[in-house]
Peer 1: 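To start, I am sharing the structure in question, which I have written as structure tokens.
Excluded from the calculations below are hydrogen atoms, water molecules and symmetry mates; all remaining heavy atoms, backbone and side chain alike, are included. Everything numeric here is computed off the predicted structure, so don't read it as measured data. FYI, the numbering just counts along the sequence from 1.
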Amino acid sequence: MNLKKKMATLAVLGTIGLSAVASAATIGVVNMSQILNAYPGYGAIQMQAQKVDQEYGPQLQKTANEINALKDQAAKQAAYDKNYAPTLKKYNDAMAQIYAPVEKNIQAKLETVRAQKNLQLVVADPRVILSAEPNTTLQDVTPDVVKLLK
């Protein structure tokens, strides 16, 4: 899912900034699945995304199969550029239109909680933290974000 990939990327980028975290810092942790499931109207949003999948998925699969059947690399690239890429762009644009408001709203709530709790960063998966200052603690802020979403 597009949103989950972006949030995972944000989590990884957040860990890169760990070297700037002061000692005795607290890092916020969120459960993105729980936040998405608590998002108002998320079931309807998923249904919209499923419609987009149903609309573009079969065509993308058919085109991918046709491209994979080609033997010549240049022909494959030409077919990808001409037939697959434009449909993929339409698919991605439609999904972005569905999920962009969700991402923006969740990001705003995450930032609000981060500021309220005086956290240096918030990660979606604490397993991406490979090293931190000895006195660093993790704080689950999922309930705080869910509360703001409702």
Peer 1: Hey, does I106 have a side-chain heavy atom less than 4.5 Å from the side chain of M32?
Peer 2: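 Answer yes - side chains close enough.
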Peer 1: Mind checking side chain to side chain contact (heavy atoms under 4.5 Å, CB included) for A75 and listing every partner two or more places apart, or none if nothing turns up?
Peer 2: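 Testing A75 for side chain to side chain contact (heavy atoms under 4.5 Å, CB included), a comparison that skips the adjacent residues, returns L70, D72.
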Peer 1: I'd like to check the side chain to side chain donor-acceptor pair (under 3.5 Å) partners of Y39; sequence neighbours left out, ordered by chain and number.
Peer 2: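 Scan of Y39 (side chain to side chain donor-acceptor pair (under 3.5 Å), adjacent residues dropped) gives N105.
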Peer 1: Given side-chain contact (heavy atoms from CB on, under 4.5 Å), test I129 with L138 step by step and report yes or no.
Peer 2: CA-CA 10 Å; I129 300 172; L138 299 178; 3.8 Å; yes
Peer 1: Holding to salt bridge (Lys or Arg N to Asp or Glu O under 4.0 Å), I want the full list of residues that pass it with K71, two or more places apart in sequence or in another chain.
Peer 2: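 Result, salt bridge (Lys or Arg N to Asp or Glu O under 4.0 Å) vs K71: none returned.
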Peer 1: Which residue in the set L36, N31, I35 passes side chain to side chain contact (heavy atoms under 4.5 Å, CB included) when paired with S33?
Peer 2: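 In the set L36, N31, I35, the residue that makes a side chain to side chain contact (heavy atoms under 4.5 Å, CB included) with S33 is N31.
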Peer 1: Using every non-hydrogen atom in the two residues, find where P101 and A96 come nearest and quote the distance to one decimal.
Peer 2: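 What the structure gives for the nearest pair is CD-O, 4.4 Å.
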Peer 1: Can you tell me how far the CG atom of L110 sits from the OG1 atom of T142, to the nearest 0.5 Å?
Peer 2: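 These two atoms lie 9.0 Å from each other.
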Peer 1: Using modelled atom types and a 3.5 Å cut-off, is there a donor and acceptor pairing between side-chain atoms of T63 and backbone atoms of Y84?
Peer 2: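 Flag not set: sc T63 to bb Y84 has no pair under 3.5 Å.
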Peer 1: Sequence neighbours excluded, which residues qualify as side chain to side chain donor-acceptor pair (under 3.5 Å) partners of K89?
Peer 2: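 For K89 the side chain to side chain donor-acceptor pair (under 3.5 Å) partners, ignoring immediate neighbours, are D93.
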Peer 1: Rounded at 0.5 Å granularity, tell me how far NZ in K62 sits from CD1 in I67.
Peer 2: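 It comes to 11.5 Å.
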Peer 1: Considering residues at least two apart in sequence or located in another chain, which fulfil the side chain to side chain donor-acceptor pair (under 3.5 Å) criterion with Q77?
Peer 2: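 Per chain and number, Q77 pairs via side chain to side chain donor-acceptor pair (under 3.5 Å) with D81.
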Peer 1: Are Y42 and V146 linked, directly or through intermediate hydrophobic residues, by side-chain heavy-atom contacts shorter than 4.5 Å (ILVMFWY only)?
Peer 2: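 Same hydrophobic cluster.
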Peer 1: Atom NZ of K104 and atom NZ of K109: how far apart are they, to the nearest 0.5 Å?
Peer 2: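 Going from NZ on K104 over to NZ on K109, the span is 11.0 Å.
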Peer 1: Drop me the distance from Y99's OH to Q48's CD, to the nearest 0.5 angstrom.
Peer 2: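 So the gap between those two atoms works out to 9.0 Å.
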Peer 1: Which residue pairs satisfy the salt bridge (charged side-chain N to carboxylate O under 4.0 Å, His left out) criterion with at least one member in residues 39-55, sequence neighbours excluded?
Peer 2: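 Not a single pair qualifies under salt bridge (charged side-chain N to carboxylate O under 4.0 Å, His left out).
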Peer 1: Got a second to check how far T136's OG1 is from Q120's CD, nearest 0.5 Å?
Peer 2: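 Rounded to the nearest 0.5 Å, the OG1-CD separation comes to 8.5 Å.
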Peer 1: When you group the ILVMFWY residues by side-chain heavy-atom contacts below 4.5 Å and let the links chain together, are M47 and I45 in the same group?
Peer 2: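 No, I45 does not connect to M47 through the hydrophobic network.
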Peer 1: Nearest 0.5 angstrom please: Q139 CD to L119 CG, how far?
Peer 2: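 Rounded to the nearest 0.5 Å, the CD-CG separation comes to 5.5 Å.
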Peer 1: Tell me the closest heavy-atom pair linking D125 and V128, and the distance in Å.
Peer 2: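 For D125 versus V128, the nearest heavy atoms are O-CG2, 2.9 Å.
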Peer 1: Is it true that atom NZ of K90 has more than 12 heavy atoms of other residues, nucleotides or ligands lying nearer than 6.0 Å?
Peer 2: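 Check fails, neighbour count at 12 or below.
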Peer 1: With side-chain contact (heavy atoms from CB on, under 4.5 Å) as the criterion, how do I27 and V122 come out once you've worked through the C-alpha distance, each side chain's angles and the decisive distance to 0.1 Å?
Peer 2: CA-CA 6 Å; I27 297 172; V122 176; over 6 Å; no
Peer 1: Does CD in E111 sit with more than 12 non-hydrogen atoms of other residues, nucleotides or ligands closer than 6.0 Å?
Peer 2: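 Result for CD/E111: enclosed.
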